[in-house]
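Written below as structure tokens is the structure these notes are about.
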Amino acid sequence: MAQQQGFLKPGERSKKAFGVAFEGNNDPYVHNKKQRTQPPTSHQRRPRDADRLPVAKYRRQLLYLVETHATVVVLGETGSGKTTQIPQFLDEAGWTEGGRMVACTQPRRAAAVTVASRVAEEAGCELGEAVGYAVRFESVMQQGMTRIKFLTDGVLLREMMEDPLLARYSVVMVDEAHERSLATDMLLGLLKKVQRRRPDLRLIVASATLQAEELRAFFDPGRDSSVVKTVQPGPGAPVQRTPAIISIEGRTHPVEVHFLQQPCSNYVVASVETAVDIHKADLPGDILVFLTGQQEVEDAVRMLDREAERLSASSGYGSKLLPLPLYAGLTGTAQAVAFSPAPRGYRKCVVATNIAETSLTLEGVVYVVDSCFVKQRAYNPLLGLEALCVAPVSKASATQRAGRAGRVRPGKAFRLCTAQDFAKLPDTTVPEMQRAELQGMVLQLKALGIDNIMRFEWLAPPPAEAMVRALEALAALGVLDQDARLTQDVGLPLASLSLDPSLGKALLTAFRQSVPCSQEMLTIVAMLTAAPHGPWVAPPGVRKALDEAKSRFAVVEGDLVSLLNVWRAWQEHGCSAQWCAKQLLNQHSLRKAEEVRKQLARACARLGLPEPESCDGDMDHLRKGIVAGLFMNAAVFESTDHNPLAPESDPGTHVYRLIRPVGGADATGVRARSGGRDGMGRAAPGATTGALDAGRLRLRIHSGSVLARCRPEWVVFQTVQQSDSGWYEMQGVTAVQPDMLLEVAPHFFQKSR
DNA sequence: GAGCACTGC
């Protein structure tokens with residue numbers, strides 16, 4: 001205990017060295033105040049243990065509430081068993097009689113698949129019989145036989161296009177609603193609508209955090225007199241439209257949370273020191289450190305490696321520290337290392353990005369070190385550009401991270417901020433709906449028959465500017481007409497392709513233009529969809545080799561056309577794994593691209609598009625197809641900035657300027673028309689002019705682009721991200737001719753003068 | 001001169 005005390009209050013010892021000191025926590029935040037002694041998690045999966053899950057006690061109450069309420073909000077902590085048990089309760093209680101199914105949605109594919117197989121095992125059936133799942137590319141179920149179906153929320157949205165009232169389901173359980181993904185929020189809004197037309201449908205919204213009241217209020221028809229408050233579901237009690245809330249405790253262990261006594265100036269250094277302190281205290285259990293990005297993770301691992309070496313040299317400690325990185329850019333095998341148990345005599349210290357907060361679970365973690373920062377996407381609807389920003393986490397997010405310490409036994413979490421600063425953090429993360437680009441979402445809602453998107457009932461309404469921006473962009477693409485309805489020629493076909501609208505437009509155009517290049521565009525679009533940041537692996541220390549590998553496939557037309565070479569070379573080498581490794585290509589990305597490509601080709605055939613054709617090296621027509629989708633992201637070279645302090649050999653920074661509707665003449669020869677217009681030359685709904693001076697925005701080509709060292713006069717790009725240095729950097733760049741812009745998007749551009 | 005995390009019949 002003395003040792004522990006010393007560890008909890010290391011201030012005297014480590015304050016000087018690292019400026020990191022923690023407050024002992026007199027009133028520790030405990031995740032589950034009811035401490036439980038239960039068998040380890042691996043036993044939970046065994047069928048007979050299901051009865052011992054916390055949710056088992058609530059079975060009768062839960063079934064009663066589902067019977068009598070249209071919507072039940074289930075507040076359930078990690079380990080409560082809600083995901084695996086509730087669908088089985090419903091099945092046993094007769095909710096799957098008459099051929100109807102119970103659906104349980106998950107935000108992630110992996111979760112849908114693994115939960116389904118666990119439930120199938122518990123139910124004693126083969127996966128795909130009574131219990132099945134559906135995720136993109138993979139549906140393991142049998143019509144008429146499967147009663148419980150786990151699916152991603154994205155798949156359920158797709159299903160609604162064929163079956164808007166979800167007639168095949170008696171109950172829909174939306175799990176992990178607290179994550180507030182774009183698809184989850186869309187689904188909740190749509191389900192509320194469906195409920196009005198299907199009073200017999202039951203909704204269960206499962207959430208891990210304190211948003212129960214918000215959810216109840218959302219699904220409560222309240223005083224709305226147009227809604228029938230009760231209906232008879234056959235025999236039994238009348239159905240309450242006002243949602244019920246039920247709370248189920250979890251089966252995790254308490255986690256003591258500690259804060260810094262003083263703010264730290266460098267959380268990477270502080271996290272390393274904290275991990276080392278934990279290790280020195282020599283209590284058993286793995287350490288999990290949360291940082292924001294790949295670079296930070298690699299820096300921390302390097303520092304920890306040095307510390308580990310020093311410590312093992314000075315000896316005296318029972319085990320050696322084994323620092324391991326974990327982030328999405330690692331190859332599968334490198335990720336697997338972080339998951340495998342530490343060898344005898346070692347203690348793992350996994351340094352991870354946000355990937356470990358929700359997506360992946362590490363066994364054996366007892367200590368969590370939380371930088372309390374996260375890197376997240378932020379969208380600026382006024383400029384139509386996004387940035388990756390390092391931002392403080394929300395309290396809910398920090399709670400989730402801390403909870404990772406309590407899965408095997410009581411744990412500790414060390415937050416690298418003071419308790420005072422922590423109190424100032426937002427309670428919950430801003431829903432994706434309010435910080436994302438919305439074109440795809442709007443297209444999908446339109447396809448589901450939601451005409452008045454502005455009046456749609458949202459759990460969290462998207463910013464009006466983002467909505468207007470999305471409507472304008474869809475109008476410019478020809479997806480929406482002047483009444484903001486889906487167009488026959490573009491909108492309807494695009495809605496059935498699971499693609500970003502701009503990529504979908506490029507693909508449609510590739511099929512339809514005078515010299516088709518649909519084979520090539522299928523490949524490019526599939527590659528971009530499967531691996532938005534490129535098919536390359538990104539472990540550290542291979543930067544130079546990676547540049548060389550990229551340049552082997554690079555062409556002057558730019559990044560998108562270069563992807564074509566990667567694909568062709570991969571095919572020519574028999575899709576070999578060794579070849580991928582040698583070229584620093586991520587095999588997984590290429591295989592996924594292959595699946596996307598097949599699926600897209602099938603979808604195009606269903607739409608009645610012609611057989612895919614190749615343009616046989618006609619790069620101009622290929623680029624025209626690309627421009628048809630990306631013309632709104634056009635930029636022109638302006639000037640080269642020279643840093644007066646840089647050596648004379650320094651090429652300087654090539655600065656580009658966006659060509660967007662801003663009005664005014666332009667010396668470059670082409671300018672955007674003021675006011676977006678639809679494909680028929682009519683003013684697009686909500687088109688704005690001059691309000692934002694995107695034309696003044698200074699862009700440069702991202703250094704990872706194959707065109708980074710070239711200086712093409714005109715380009716279109718796929719995305720822009722703001723760098724740490726404040727530059728807006730274009731990614732997925734294609735060099736174009738100004739004539740192409742005028743020819744492909746005459747409604748958007750005009751010759752100046 | 002450089003990559004948070006997901007998803008799509």
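Note on naming: letters A, B, ... go to the chains in the order of the sequence lines (proteins, then strands), and numbering restarts at 1 for each one.
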A:Thr292 or A:Asp650, whichever maps to the more 5' nucleotide of DNA chain B: A:Asp650
Touch class at under 4.0 angstrom, heavy-atom based, for A:Leu546 against every strand present: base
Sugar-phosphate only, base, or nothing, as touched by A:Glu162 at under 4.0 Å among non-hydrogen atoms: base
Pair A:Asp641 + A:Arg698: basic N to acidic O under 4.0 Å: yes
Sugar-phosphate only, base, or nothing, as touched by A:Asp547 at under 4.0 Å among non-hydrogen atoms: base
Residues forming a ring-ring contact (aromatic ring centres under 6.0 Å, His included) with A:Phe456, sequence neighbours excluded: A:Trp458
Results of salt bridge (Lys or Arg N to Asp or Glu O under 4.0 Å) for A:Glu595 - residues two or more places apart only: none
Residues which pass salt bridge (Lys or Arg N to Asp or Glu O under 4.0 Å) with A:Arg108, listed by chain and number, not counting sequence neighbours: A:Glu179
Touch class at under 4.0 angstrom, heavy-atom based, for A:Phe137 against every strand present: nothing
Sugar-phosphate only, base, or nothing, as touched by A:Arg136 at under 4.0 Å among non-hydrogen atoms: base
Short side-chain to backbone donor-acceptor contact, A:Ser394 and A:Thr429, under 3.5 Å: yes
Sugar-phosphate, base or nothing in reach of A:Leu499, heavy atoms under 4.0 Å: base
Touch class at under 4.0 angstrom, heavy-atom based, for A:Arg377 against every strand present: base
Where chain A begins and ends its contact with DNA chain B, read 5' to 3' at 4.0 Å from heavy atoms: B:dG1 to B:dC9
Sugar-phosphate, base or nothing in reach of A:Val596, heavy atoms under 4.0 Å: nothing
Sugar-phosphate, base or nothing in reach of A:Val374, heavy atoms under 4.0 Å: nothing
Results of salt bridge (Lys or Arg N to Asp or Glu O under 4.0 Å) for A:Glu548 - residues two or more places apart only: A:Lys544
Sugar-phosphate, base or nothing in reach of A:Thr353, heavy atoms under 4.0 Å: sugar-phosphate
Touch class at under 4.0 angstrom, heavy-atom based, for A:Ile355 against every strand present: sugar-phosphate
For A:Lys375, salt bridge (Lys or Arg N to Asp or Glu O under 4.0 Å) partners two or more places apart: none
Sugar-phosphate, base or nothing in reach of A:Ala328, heavy atoms under 4.0 Å: sugar-phosphate
